[in-house]
Participant: 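My questions will all concern the structure given below.
Remember, predicted model here, so these are calculated numbers, not experimental data. In this chain, numbering begins with 1 at the start of the sequence shown. Note that ligands are numbered from 1 as they come in the structure, with each ligand's atoms numbered from 1 the same way.
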Amino acid sequence: MTAPLLELRHVGKTYAGGGLLSRRKVSAVKDVSFTLAAETPEVFAIIGESGSGKSSLARMVLGMGTATEGQVLFRGQDLARLRGRAARLDFMRQVQPIFQNPFEAFNPLTRVDRYLYATARNLAGADGQPAAEAAADRALQQVGLSLDELRGRFPHELSGGQLQRAAIARALIPGPALLVADEPVSMIDASLRMTIVNLFRELRDRLQVSILYITHDLATAYTISDRIVIMRQGEVVEAGDARAVLAHPTHPYSIQLKDSVLSVEGAWQEEGTRP
Ligand code: ADP
Ligand code: MG
């Protein structure tokens, strides 16, 4: 039996809040469990308002913060027990982040193409400049860009949308099995958001990569996701197939969330609007 791609078992995260002398603790994530199968890539959305624990969860999945309760397992391996450089490198290749602000993801003083070459060398074994350029170009083509468009350009010379695509391309270079995208379009112009989130579905199909899509935006999550969980104050209040959950939300918070979207998106009522 193959281990799941990702498994969260009763995961919790408590921060010691309020400084050294304070005993106040912030319980950011409480008892979260879900599983992504290894065989079928999917877009899995984690939806919640600001402060609901989404980024804390994302960081734990990325191995950037350890769970204070429960376990996060990637291909059966508990991330809290990941030891050694080879194991960490392998994990980094397989699980790649995409963050909210692409201008923070890139060094403002480094040309965007050079940053991609470095990733190709460090994480994809590209040996020499031609191999690094080929890897960068392949990844850029996957997101609708090309190396020719980016060559020699600095982050500030690109639009937010272009730079976020480049960040997604960078994440694709090592050939990951899982992308963790934490609010990847919330800083992008509204007119471009849909094309970028639709890209996640295309990548799922073309590259067989799973995507953890973290957002406060129910509308995009509904449109692109296979399954969703809705979080509130660190807890999962609703989980399941995206269409089923949003057709019949049961928790008052998800009903409220759905209503707030319905008020701006008439198309919601239509069954089958989802591609
Ligand atoms: P979201 O991404 O949904 O906005 P976060 O995971 O960032 O939620 O935050 C969840 C809660 O945890 C918030 O109350 C936040 O203030 C708190 N929190 C997040 N990171 C830290 C930290 N490093 N130290 C203390 N509290 C934190
Ligand atoms: Mg966040």
Side-chain angles (χ1 to χ4, degrees), residues 6-34 36 43-72 74 79-80 95-106 160 163-164 167-168 171 178-190 193 196-197 200 210-222 224-225 227-239 242 245-246 249 251-258 260-261:
L6 178 69
E7 186 179 0
L8 274 69
R9 288 187 192 155
H10 305 290
V11 169
K13 180 77 183 182
T14 304
Y15 297 104
L20 276 182
L21 297 176
S22 166
R23 298 231 176 114
R24 195 170 63 82
K25 288 188 172 165
V26 180
S27 184
V29 176
K30 299 165 204 158
D31 194 24
V32 172
S33 298
F34 62 80
L36 271 64
V43 179
F44 188 95
I46 296 174
I47 307 167
E49 63 192 1
S50 175
S52 57
K54 306 182 300 297
S55 293
S56 298
L57 204 60
R59 283 197 296 272
M60 290 188 277
V61 171
L62 287 163
M64 293 164 75
T66 45
T68 46
E69 283 93 25
Q71 290 152 344
V72 181
F74 182 75
L79 294 188
V95 183
Q96 278 287 312
I98 297 160
F99 296 111
Q100 183 172 5
N101 185 350
F103 291 96
E104 281 174 11
F106 287 93
L163 200 59
Q164 191 62 304
I168 297 169
L178 178 66
L179 296 178
V180 179
D182 190 357
E183 307 254 19
V185 293
S186 55
M187 298 195 61
I188 306 296
D189 283 352
R193 277 181 204 153
I196 293 185
V197 295
F200 290 132
S210 283
I211 289 136
L212 207 57
Y213 173 53
I214 296 163
T215 184
H216 61 270
D217 179 20
L218 200 57
T220 55
Y222 173 74
I224 66 159
S225 304
R227 286 190 295 154
I228 64 174
V229 301
I230 298 179
M231 286 183 71
R232 182 157 206 227
Q233 293 172 357
E235 287 176 292
V236 171
V237 295
E238 197 111 49
V245 167
L246 290 159
H251 191 277
Y253 176 66
S254 8
I255 294 170
Q256 194 189 323
L257 208 56
K258 179 178 173 177
S260 70
V261 173

Participant: Only counting residues at least two apart or in another chain, list the ones meeting side chain to side chain donor-acceptor pair (under 3.5 Å) with His251.
Facilitator: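 Side chain to side chain donor-acceptor pair (under 3.5 Å) check on His251 returns nothing, list empty.
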
Participant: What protein heavy atom sits nearest atom 19 (C) of ligand 1, and how far away is it?
Facilitator: Tyr15 CE1, 3.5 Å

Participant: So does Lys30 get a backbone contact from the side chain of Lys13, meaning a donor-acceptor N/O pair under 3.5 Å?
Facilitator: no

Participant: Closest non-hydrogen protein atom to atom 5 (P) of ligand 1, residue and atom name please, with distance?
Facilitator: Ser56 OG, 3.8 Å

Participant: So which atom in Thr14 and which in Thr68 form the shortest heavy-atom distance, rounded to 0.1 Å?
Facilitator: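 The answer is N-OG1, 2.8 Å.
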
Participant: Using atom types as modelled and distance alone, determine if a side-chain donor or acceptor of Lys54 lies under 3.5 Å from a backbone N or O of Gly48.
Facilitator: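 Yes, the answer is positive, given that a donor and an acceptor are paired below the 3.5 Å cut-off.
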
Participant: Can you list the atoms of ligand 1 that are under 4.0 Å from a heavy atom of Ser50?
Facilitator: 4 (O)

Participant: Return yes or no for this condition: an N or O of Gly53 is under 3.5 Å from an N or O of ligand 1.
Facilitator: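 N/O-N/O distance below 3.5 Å exists for this pair.
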
Participant: In the complex you have, is atom 8 (O) of ligand 1 within reach of the protein, judged by whether a heavy-atom distance drops under 4.0 Å?
Facilitator: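 Within 4.0 Å of atom 8 (O) of ligand 1, protein heavy atoms are found.
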
Participant: Within a distance of under 4.0 Å, is there any protein heavy atom near atom 15 (C) of ligand 1?
Facilitator: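 So atom 15 (C) of ligand 1 lacks protein heavy-atom neighbours under 4.0 Å.
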
Participant: To the nearest 0.5 Å, tell me how far Phe106 CZ sits from Leu163 CG.
Facilitator: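 Rounded to the nearest 0.5 Å, the CZ-CG separation comes to 5.0 Å.
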
Participant: Distance under 4.0 Å to a non-hydrogen atom of Ser52: what atoms of ligand 1 satisfy this?
Facilitator: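 Counting from 1, the qualifying ligand atoms are 1 (P), 3 (O), 8 (O).
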
Participant: Test: salt bridge (charged side-chain N to carboxylate O under 4.0 Å, His left out). Region: residues 55-65. Which pairs qualify, not counting sequence neighbours?
Facilitator: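 Listed by first then second residue: nothing to list.
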
Participant: What protein heavy atom is closest to atom 3 (O) of ligand 1, reported as residue, atom name and distance in Å?
Facilitator: Lys54 NZ, 2.8 Å

Participant: Below 4.0 angstrom from a heavy atom of Glu49, which ligand 1 atoms are there? Numbered from 1 as shown, please.
Facilitator: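 Contacts of ligand 1 toward Glu49, numbered from 1: 3 (O).
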
Participant: Between His10 and Glu69, is there a side-chain donor-acceptor contact under 3.5 Å, judged purely by atom types and distance?
Facilitator: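 No, because no side-chain N or O of Glu69 sits under 3.5 Å from a partner of the opposite role on His10.
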
Participant: Could you measure the distance from the CZ atom of Phe74 to the CG atom of Leu178? Nearest 0.5 Å is fine.
Facilitator: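 Between atom CZ of Phe74 and atom CG of Leu178 there are 6.0 Å.
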
Participant: Which atom names give the shortest non-hydrogen contact between Asp182 and Ala58, and what distance separates them?
Facilitator: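 Scanning both residues completely, I find the closest heavy atoms to be OD2-CB, 4.1 Å.
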
Participant: Without swapping roles, check the side chain of Gln164 against the backbone of Phe99 for a donor-acceptor pair under 3.5 Å.
Facilitator: yes

Participant: Starting from atom 1 (P) of ligand 1, find the nearest protein heavy-atom neighbour and note its residue, name and distance.
Facilitator: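 Protein heavy atom at minimum distance: Gly51 N, 3.4 Å.
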
Participant: Quick one: which ligand 1 atoms are inside 4.0 Å of a heavy atom on Val26?
Facilitator: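 Reading through ligand 1 atom by atom, the close ones are 12 (O), 14 (O), 17 (C).
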
Participant: What atoms of ligand 1 come closer than 4.0 angstrom to any heavy atom of Ala28?
Facilitator: 10 (C), 11 (C), 12 (O)

Participant: Can you tell me if an N/O/S atom from Ser50 lies under 2.8 Å from the Mg ion (ligand 2)?
Facilitator: no

Participant: Which bit of Met231 is near ligand 1, meaning a heavy atom under 4.0 Å away: side chain, backbone, both or neither?
Facilitator: neither

Participant: At a 4.0 Å threshold, what atoms of ligand 1 neighbour a non-hydrogen atom of Arg59?
Facilitator: 20 (N)

